[in-house]
Peer 1: 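Structure below; questions to follow.
No experiment lies behind these values; they were computed from the predicted model shown. A note on names: the letters A, B, ... follow the listed sequences, proteins ahead of strands, and every chain is numbered from 1.
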Amino acid sequence: MAAVKLPDGKELPIEPGDRARDVAERIGPRLARDAVVAKLNGKLEDLETPVRDGEVFEVVTKDSPEGLYVLRHSTAHAMAQAILELYPGSKLTIGPPIDNGFYYDVEVAGRITDDDLPRIEERMREISDRDLPIRMEEVSKAEARELYRDNPYKLELVEDLEDGDITVYRQGDFFDLCRGPHIPSTGRLGAFKLQNIAGAYWRGDEKNTMLTRIYGTAWPTEKELKAYLRRMEEARARDHRKVGKDLRLFTFSPDVGGGIPLFLPKGEMLRHLMEGYVREVQTRHGYEHVWTGNVVNESLYAKSGHLEHYIDSMYPPMVDGDTRYRLKPMNCPSHMTLFNSAAHSYRDLPVRYAEFATLYRYEKSGELNGLTRVRSLTQDDAHVFCTQNQVQEEFARALEIVREVLDTYGFAEYRVQLSMRDPDDTKYITDDAKWSRAEKELREALDRAGIAYDEEAGEAAFYGPKADFMAKDVLGREWQLSTIQVDFLQPERLGCEYVGEDGQMHTPVLLHRAVTGSTERFMGVVIEHFAGAFPLWLSPIQAVVIPVADRHLEYARKVQAELADVGLRVDVDDSPSSMQKKIRENARQKIPYLLIVGDDEAGEESVNVRRRGDKKQEAMKTGEFAERALGEVAVKAV
RNA sequence: GCCCGGGUAGCUCAGAGGUAGAGCAGCCGCCUUGUAAGCGGCCGGUCGGGGGUUCGAUUCCCUUCCCGGGCUCCA
């Protein structure tokens with residue numbers, strides 16, 4: 001008798017003509033009710049799909065990641081149907097599920113604004129109430145062309161598909177070119193909310209039409225939707241732009257220019273601490289720090305290839321007679337110039353130059369985003385000149401630095417992306433042999449270090465592949481932080497060489513790497529990571545002394561001086577507010593320690609310590625507090 | 001750069017075709033405080049800039065700058 005295999009290994013007999021839904025029903029009516037799609041031999045299929053003898057059968061519910069994905073995809077379809085009903089003549093393009101939700105790109109007949117979203121949502125609920133069966137239908141390429149004769153976008157998609165492999169999903173009058181799978185009917189949609197509208201180019205190319213993209217989120221239940229919306233709310237509260245303003249770390253001003261962050265005293269202290277830490281780690285790992293200025297003769301960038309490949313990101317030139325200068329967008333040519341200032345033997349290598357360099361990149365105005373995308377950035381950049389044989393070791397060393405630093409900040413949530421070139425893209429310097437070699441070196445080094453990574457074509461720098469460490473901000477946007485890049489091309493262009501053991505001239509390999517990426521972006525991510533409650537070693541102000549009454553001010557200043565003497569950053573709150581108000585204000589400023597001093601403390605050289613996030617108090621000698629705090633700083637406790 | 005939305009006091013926000021309001025902050029007093037807002041008073045804005053419509057615009061229209069969400073590109 002025919003049967004399917006269940007995930008627990010059991011066999012379940014099937015009847016001829018059984019569909020996935022029938023099997024689910026047989027396993028249990030409750031399961032059948034929760035079923036979204038089925039997994040047949042590991043492949044997601046509609047519940048309408050016929051099952052075959054010997055297949056491995058698994059029910060996928062809304063609660064599983066795959067089920068959620070399907071649910072969101074089907075919600076996108078419902079939204080598309082609602083839009084077509086409300087804006088007849090609109091043309092659908094693509095509408096995939098994404099993390100937490102979905103979007104659909106539409107060429108809208110008319111215009112949709114944020115105010116229209118509730119109306120579309122309302123219509124989606126109506127479509128859900130209609131409980132329309134969702135059915136897959138195979139069509140030929142010719143039929144698909146006919147269905148979409150008025151939709152150039154879908155036609156373009158159809159042309160990329162193989163005849164015999166084209167499916168359309170229908171629910172009521174609505175149909176969409178789609179490979180599925182989908183939930184069985186619109187009545188099975190969960191809780192959803194349309195979030196925002198954005199423009200998106202067809203196929204992501206700015207030469208194409210701008211479509212209207214509508215983002216939504218979808219969850220199995222109302223409760224989960226609410227929980228998600230609450231999470232987003234909380235995330236916005238730790239947005240580094242908000243926290244940076246509240247804690248008075250940095251600001252922006254149109255008087256200075258977009259994308260140029262201005263750091264207030266506390267923000268600059270934070271920068272200083274972050275950079276000092278990386279400097280210490282780099283020094284320990286044998287890097288030497290250099291400084292190469294802000295302005296560079298353009299001809300250097302002509303030689304390096306930047307002028308050709310990077311010009312869109314450079315500020316326009318400053319012209320001085322026949323000489324054109326550029327604000328420095330990258331350090332590599334400057335560091336290679338440093339390298340070339342002396343003759344090198346293989347015995348000197350590797351040479352490791354590090355620099356906290358302020359770079360200027362002319363980002364498009366729409367790209368600017370708080371500290372995570374700016375026009376003036378401070379890169380903790382370094383260039384390692386080494387021999388072919390040293391590449392692996394130097395890569396491993398760079399990796400070690402990156403991991404040590406990320407670890408210190410308590411960052412565990414990052415992804416490593418191996419950014420390769422797209423061989424068909426002309427933005428890359430061409431030298432196939434060298435590219436392949438660099439890509440091979442990178443892969444091997446990551447494998448050797450046991451680091452998992454994804455490969456991404458078309459994301460490489462123009463001169464070589466890179467391993468990028470990507471972190472997400474609180475709003476789920478991904479940013480590149482650390483990067484390690486292998487470059488076989490630029491040293492040759494700039495004439496870098498060393499005398500080898502064989503007495504011959506050789507071109508060194510160049511490793512580019514940045515640990516935190518840029519101080520600004522990293523700070524943005526750090527702020528969000530800690531929600532502004534920085535660990536003690538990183539806090540611009542580590543403690544505030546709060547006198548109970550004005551007559552304790554003198555003692556408060558004495559405590560401050562004593563702590564400052566041992567290297568702690570301490571303020572006295574001498575504002576005219578009440579003691580409780582000072583506690584409130586300083587707690588809101590996320591000061592790690594509040595030291596309350598009154599008659600009791602003044603009498604016995606002590607402080608009453610209130611730790612951030614902790615209402616309970618602890619009295620101790622001032623010296624003991626100093627000792628504890630210094631200990632906490634020394635180990636960079638997070 | 002492009003699509004959508006938004007700029008009202010230092011900050012958070014309300015309001016409306018008849019030239020603006022709250023809280024906090026600031027300033028001045030009083031209070032001298034024991035663990036998250038003591039009390040009172042005062043100051044504060046050509047409602048982002050420019051142009052238009054109107055008897056009258058901060059409100060409606062156009063334009064420009066800036067900010068936010070995306071797209072593309074990147075640290």
Peer 1: Identify, with sequence neighbours excluded, every residue that meets ring-ring contact (aromatic ring centres under 6.0 Å, His included) alongside A:F356.
Peer 2: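 In terms of ring-ring contact (aromatic ring centres under 6.0 Å, His included), with neighbours along the sequence ignored, A:F356 is linked to A:H289.
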Peer 1: Between atom CG in A:N331 and atom P in B:rA75, what is the gap in whole Å?
Peer 2: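 Rounding to the nearest Å, CG of A:N331 and P of B:rA75 are 13 Å apart.
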Peer 1: Taking atom C1' in both B:rA57 and B:rC47, compute the distance separating them and give it to the nearest angstrom.
Peer 2: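 Rounded to whole Å, the distance is 11 Å.
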Peer 1: Does a side-chain N or O of A:K466 approach OP1 or OP2 of B:rA75 to a distance below 4.0 Å, or not?
Peer 2: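 Checking A:K466 against B:rA75: at least one side-chain N or O falls below 4.0 Å of OP1 or OP2.
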Peer 1: Taking only residues at least two apart or on different chains, which pairs with a member in residues 516-533 of chain A satisfy salt bridge (Lys or Arg N to Asp or Glu O under 4.0 Å)?
Peer 2: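 As it turns out, the salt bridge (Lys or Arg N to Asp or Glu O under 4.0 Å) pairs with a partner in residues 516-533 of chain A, which skip direct neighbours, are A:R271-A:E520.
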Peer 1: Between N or O atoms, less than 3.5 Å apart, protein on one side and nucleotides 2-7 of chain B on the other: list the pairs.
Peer 2:
residue: B:rC2; atom: O2; partner: A:Y201; partner atom: OH; Å: 3.3
residue: B:rC3; atom: O2; partner: A:G199; partner atom: N; Å: 2.9
residue: B:rG5; atom: OP1; partner: A:R111; partner atom: NH2; Å: 3.0

Peer 1: List, with names and distances, any nitrogen or oxygen atoms from the protein found under 3.5 Å away from nitrogen or oxygen atoms belonging to nucleotides 59-64 of chain B.
Peer 2:
none

Peer 1: Compile the donor-acceptor pairs under 3.5 Å between side chains in residues 245-252 of chain A and protein atoms, sequence neighbours left out, one pair per line.
Peer 2:
residue: A:D246; atom: OD2; partner: A:K242; partner atom: NZ; Å: 3.1

Peer 1: Expressed in angstrom and rounded to an integer, what is the separation of A:Q480 atom CD from B:rA75 atom C1'?
Peer 2: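 Going from CD in A:Q480 over to C1' in B:rA75 covers 6 Å.
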Peer 1: Using the C1' atom as the reference point in each nucleotide, state the distance between B:rC27 and B:rG17 in Å, no decimals.
Peer 2: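 So the two C1' atoms sit 36 Å from each other.
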Peer 1: With rounding to whole Å, what would you report as the distance between B:rU54 and B:rU19 at their C1' atoms?
Peer 2: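 That atom pair is separated by 14 Å.
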Peer 1: Working to the nearest 0.5 Å, report the span between CD1 of A:I546 and CG of A:L553.
Peer 2: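 It is 11.5 Å, given to the nearest 0.5 Å.
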Peer 1: Mind listing the residues from residues 231-249 of chain A sitting with a heavy atom below 4.0 Å of RNA chain B? Number order is fine.
Peer 2: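 A:R241, A:K245 - these, ordered by number, are the residues of the stretch whose heavy atoms sit under 4.0 Å from the strand.
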Peer 1: Mind calculating the distance between CZ (A:F252) and C1' (B:rC65) to the nearest angstrom?
Peer 2: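 Interatomic distance, CZ of A:F252 to C1' of B:rC65: 17 Å.
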Peer 1: Using 4.0 Å as the upper bound for N to carboxylate O, is an ion pair formed by A:E156 and A:R203?
Peer 2: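 Salt bridge present between A:R203 and A:E156.
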Peer 1: I need the CD-P distance between A:E363 and B:rC73, as an integer number of Å.
Peer 2: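 Distance check: A:E363 CD to B:rC73 P gives 12 Å.
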Peer 1: Taking only residues at least two apart or on different chains, which pairs with a member in residues 548-557 of chain A satisfy salt bridge (Lys or Arg N to Asp or Glu O under 4.0 Å)?
Peer 2: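 Sorted pair list: A:R551-A:D599, A:R557-A:D574.
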Peer 1: Does the side chain of A:T209 come under 3.5 Å of the side chain of A:Y201 through a donor N or O and an acceptor N or O?
Peer 2: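 The criterion, which ignores hydrogens and geometry beyond distance, is not satisfied for A:Y201 and A:T209.
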Peer 1: Base, sugar-phosphate, or nothing for A:Y215, non-hydrogen atoms under 4.0 angstrom?
Peer 2: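 Sugar-phosphate: the residue A:Y215, judged by heavy atoms under 4.0 Å, touches backbone atoms but no base.
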Peer 1: So, are A:R397 and A:E400 salt-bridged, with charged N and O less than 4.0 Å apart?
Peer 2: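 No salt bridge links A:R397 with A:E400.
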Peer 1: When only distance counts, do a donor and an acceptor, one from the side chain of A:R513 and one from the base of B:rA75, lie under 3.5 Å apart?
Peer 2: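 Answer no: no donor N or O sits under 3.5 Å from an acceptor.
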Peer 1: How is A:R361 classified with respect to the nucleic acid when contacts are heavy atoms under 4.0 Å: base, sugar-phosphate, or nothing?
Peer 2: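 A:R361: base contact, heavy atoms under 4.0 Å.
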Peer 1: Listed in order of residue number, which residues of residues 599-608 of chain A have a non-hydrogen atom at under 4.0 Å from RNA chain B?
Peer 2: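 Hits under 4.0 Å, by residue number: A:D599, A:D600, A:E601, A:N608.
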Peer 1: Quick check: do A:M79 and A:R123 have side-chain heavy atoms less than 4.5 Å from each other?
Peer 2: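 A:M79 does not reach A:R123 side chain to side chain.
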Peer 1: Strictly below 4.0 Å, N to O, side chains only: are A:K616 and A:D614 in salt-bridge contact?
Peer 2: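 Judged by the 4.0 Å cut-off on N to carboxylate O distance, A:K616 and A:D614 do form a salt bridge.
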Peer 1: Mind checking A:I546 for me? I need base, sugar-phosphate or nothing, with any heavy atom below 4.0 Å counting as a touch.
Peer 2: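 If one applies the 4.0 Å heavy-atom cut-off, A:I546 turns out to touch nothing in the nucleic acid.
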Peer 1: In whole angstroms, how far is the P atom of B:rC73 from the CG atom of A:L359?
Peer 2: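 Computing the A:L359:CG to B:rC73:P distance gives 21 Å.
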Peer 1: Mind checking what makes ring-ring contact (aromatic ring centres under 6.0 Å, His included) contact with A:H512, not counting sequence neighbours?
Peer 2: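 With sequence neighbours excluded, A:H512 shows a ring-ring contact (aromatic ring centres under 6.0 Å, His included) to A:H383, A:Y463, given in chain and number order.
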Peer 1: Charged N to carboxylate O below 4.0 Å: is that the case for A:E367 and A:K364?
Peer 2: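 Salt bridge: no.
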Peer 1: Across the strands shown, which category fits A:R521 at heavy-atom distances under 4.0 angstrom: base, sugar-phosphate, nothing?
Peer 2: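 Base contact.
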Peer 1: For A:Y362, look at atom OH and say whether over 12 heavy atoms of other residues, nucleotides or ligands are found less than 6.0 Å away.
Peer 2: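 Atom OH in A:Y362 is not packed in, count stays at 12 or less.
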Peer 1: Listed by chain and number, what are the side chain to side chain donor-acceptor pair (under 3.5 Å) partners of A:D468, not counting sequence neighbours?
Peer 2: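 Side chain to side chain donor-acceptor pair (under 3.5 Å) check on A:D468 returns A:S419, A:K466, A:Q480, A:T483.
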Peer 1: Taking salt bridge (Lys or Arg N to Asp or Glu O under 4.0 Å) as the test, write out the residues that go with A:K154, two or more places apart.
Peer 2: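 Per chain and number, A:K154 pairs via salt bridge (Lys or Arg N to Asp or Glu O under 4.0 Å) with A:D176.
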Peer 1: Using a 4.0 Å cut-off on heavy atoms, which residues in residues 578-597 of chain A reach RNA chain B? List them by number, or say none.
Peer 2: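 A:S578, A:M579, A:Q580, A:K581, A:I583, A:R584, A:A587, A:R588, A:I596 - these, ordered by number, are the residues of the stretch whose heavy atoms sit under 4.0 Å from the strand.
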Peer 1: Quick one: does any side-chain atom of A:R513 pair with a main-chain N or O of A:V486 as donor and acceptor, under 3.5 Å?
Peer 2: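 Flag not set: sc A:R513 to bb A:V486 has no pair under 3.5 Å.
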Peer 1: Take A:T483 and A:P576, find for each the nucleotide of RNA chain B with the closest heavy atom, and name the residue whose nucleotide sits nearer the 5' end.
Peer 2: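 By nearest-heavy-atom nucleotide position, the 5'-most residue is A:P576.
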Peer 1: Which part of the nucleic acid, if any, lies within contact of A:Q379, taking any heavy atom under 4.0 Å across all strands shown: a base, the sugar-phosphate backbone alone, or nothing?
Peer 2: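 Since only primed, P, OP1 and OP2 atoms lie under 4.0 Å of A:Q379, the category is sugar-phosphate.
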Peer 1: Base, sugar-phosphate, or nothing: which does A:D550 touch, judged by heavy atoms less than 4.0 Å apart?
Peer 2: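 Base, at least one base heavy atom under 4.0 Å.
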Peer 1: On the 0 to 90° scale, with breaks at 30° and 60°, tag the A:Y414-A:F469 ring pair as parallel, tilted or perpendicular.
Peer 2: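 Answer is tilted, since the angle falls between 30° and 60°.
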